[in-house]
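One structure is given here, and the rest of the page talks about it.
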2 protein chains.
Amino acid sequence: MTSHIHCQNCSMATLCLPYLLSPEQTEKLDTIIQRHRPLQKRDLLVNSGQKLSFLYAVRSGSLKSYTLDSQGGEQIIDFHLPGDVIGFDGLIDGQHRSYTQALETTMLCEIPIQSLDQLSAELPGLRKQLLRVMSGELHASKTLLGTLNHHSAQQRLANFLVTLSSRFKQRGLSSREFRLSMTRADIGNYLGLSVETVSRILTQLQQDGVVAVKSKLVEIRELERLRALTL
Amino acid sequence: MTSHIHCQNCSMATLCLPYLLSPEQTEKLDTIIQRHRPLQKRDLLVNSGQKLSFLYAVRSGSLKSYTLDSQGGEQIIDFHLPGDVIGFDGLIDGQHRSYTQALETTMLCEIPIQSLDQLSAELPGLRKQLLRVMSGELHASKTLLGTLNHHSAQQRLANFLVTLSSRFKQRGLSSREFRLSMTRADIGNYLGLSVETVSRILTQLQQDGVVAVKSKLVEIRELERLRALTL
DNA sequence: AAGCGTTATTGACTTAAATCAAGCATTAGT
DNA sequence: ACTAATGCTTGATTTAAGTCAATAACGCTT
């Protein structure tokens, strides 16, 4: 069936593993990739501790990854958007290191690690892109560390919005207006803030005319002012 | 000269890239690796923005990596011990993403990225270990995120000491007694705490008999109690 | 369209850690 | 060995953000 989804016609290809592969090479990659059944909101994609046999690439929708602390509380460590690849942090010992849950209806591709490794021996571009994607995640994670350690609640939230905005832009979506698929509590958890603080700062940013927030919908009215607030 | 340092006789080989390579394969890896000139305390290994042509493996000593914030302040994002490989976060665009500075006299190996990539096409074990090491770093970074976001100053510092202890153990050094090559200010910066808070908590842990601290020297007296304090 | 559970907002109060300030200790350099 | 500089500790005070509490607004499900 030609209507099936393929890397060759996937709009996220430039962010995902096919980046820099030739059409023929992309076709090769495509043969090892399967579509995963669609997830509904709250469905778990992977459990922490589960054997890691596949990486997952997000086609549409979004997810959050979290670990559990000693009292069973969530510690959100990532939000995944289309084009993101999930599972790299488990390659160290072949186990997923976190729970990953859909925030809305979500479509995914399933990439068998075994075949991916074999193919990467053959394709230098794929090898390079694998390292690039992991490196990017590592860099993002370390940058976030710096941000959280050294910035106020307002700076963290401004940074969160600016980062989301630019991620949407990369994905060909509007960077000015977007929907927060996660709750305020999720945002707070991710940024190390209480829900109340997130809420208060959002209303304050709105009063200052920097953003307009209507429930889950965010409009960035003055990107440059918002960016200035991250520093 | 046979007294030269080689991967084949390096005590850090099990943590570093040679892990899981056969003696012959390790020898191949060794041929592309150069020794770097020794660094003295405060010497910079790399500057942020500098072209990334080599990864660096720590042979002995230690370093810190940091970025600069908008006011020129350090944001420490990593401490590197022997066996660690430095530079992975720059593969995304071929630039180092942080400053890396020696905390004491430090010996390093220099690994040309170009040759490493070529060799990894040939050696599946090397490919795997590259991904493992990056994955481990990614996991550590995300775990730290969770720790900092959701834990008190005491929990953060206890976690820091426990983590350091287990890293020293992995390296065949004492996990009970070790030297902090970084200053209290560095620790605070890394954990998102003020120097004063770090100092106060260390004295408090000492009064409680969990650790004994004499300037830079730390003795962990009751590891299990310290571990309990991280939760 | 009504009603219930979840999610978000807002206000009053508390607290953990930052900041400010001063003195002490260790290290490095002449 | 002596001095300067850097690093560390301890105490007093302030403050940003957390907690507690109450209400309001969504958004499912029937």
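We name chains A, B, ... by the order of the sequence lines, and we start the count at 1 in each one. Remember, it's a predicted structure, so these values are computed and weren't measured experimentally.
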Separation of dG27(D) P from Q40(A) CD (nearest whole Å)
18 Å
Table please: side-chain donor-acceptor pairs of residues 98-106 of chain A below 3.5 Å, with sequence neighbours left out.
{"from": "T100(A)", "atom 1": "OG1", "to": "S65(A)", "atom 2": "OG", "distance (Å)": "2.9"}
{"from": "Q101(A)", "atom 1": "NE2", "to": "R42(A)", "atom 2": "O", "distance (Å)": "3.0"}
{"from": "E104(A)", "atom 1": "OE2", "to": "S62(A)", "atom 2": "N", "distance (Å)": "3.4"}
{"from": "E104(A)", "atom 1": "OE2", "to": "S62(A)", "atom 2": "OG", "distance (Å)": "2.5"}
{"from": "T105(A)", "atom 1": "OG1", "to": "Q40(A)", "atom 2": "NE2", "distance (Å)": "3.2"}
{"from": "T106(A)", "atom 1": "OG1", "to": "S62(A)", "atom 2": "N", "distance (Å)": "3.2"}
{"from": "T106(A)", "atom 1": "OG1", "to": "S62(A)", "atom 2": "O", "distance (Å)": "3.2"}
{"from": "T106(A)", "atom 1": "OG1", "to": "E104(A)", "atom 2": "O", "distance (Å)": "2.8"}

Shortest non-hydrogen contact from I201(B) toward A153(B)
CD1-CB, 3.4 Å
What is the distance, rounded to the nearest whole Å, between atom CG of L157(B) and atom P of dA16(C)?
17 Å
Is it true that R176(A) and E219(A) make a salt bridge, defined as a side-chain N closer than 4.0 Å to a carboxylate O?
yes
F168(B) CZ: over 12 foreign heavy atoms closer than 6.0 Å
yes
Select base, sugar-phosphate, or nothing to describe what T183(B) touches, counting heavy atoms under 4.0 Å on all strands.
sugar-phosphate
Are any non-hydrogen side-chain atoms of L231(B) and D69(A) less than 4.5 angstrom apart?
no
When rounded to whole Å, the NE2 to P distance for the pair H150(B) and dA16(C) reads 18 Å
How many Å lie between CZ on R42(A) and P on dG5(C), as a whole number?
14 Å
Under 3.5 Å, is there a donor-acceptor pair between the side chain of N149(B) and the main chain of G146(B)?
no
Closest-nucleotide mapping onto DNA chain D: is E196(A) or K41(A) further toward the 5' terminus? I mean the 5' end.
E196(A)
Under 4.0 angstrom, heavy atoms only, what part of the nucleic acid is G188(A) near: base, sugar-phosphate, or nothing?
nothing
salt_bridge(R171(A), D84(A)) N-O dist < 4.0 Å:
yes
Is the count of non-hydrogen atoms from other residues, nucleotides or ligands lying under 6.0 Å from K216(B) atom NZ greater than 12?
yes
Separation of L148(A) atom CG from dA17(D) atom P, in whole Å?
12 Å
Would you mind reading off the bend of the helix from dA1(C)-dT30(D) to dT30(C)-dA1(D) from its two end axes, five pairs each, to 10 degrees?
60°
In numerical order, the residues of residues 197-215 of chain A whose heavy atoms come under 4.0 Å of DNA chain D are T197(A), R200(A), S215(A)
To the nearest Å, how far apart are N149(A) CG and dA17(D) P?
14 Å
To the nearest angstrom, the CD1-P distance between I187(A) and dT9(C) comes to 9 Å
Salt bridge or not between K64(B) and D78(B)? Use side-chain N to carboxylate O under 4.0 Å.
no
Grab the NZ-P distance between K216(B) and dA28(C) for me, whole Å please.
9 Å
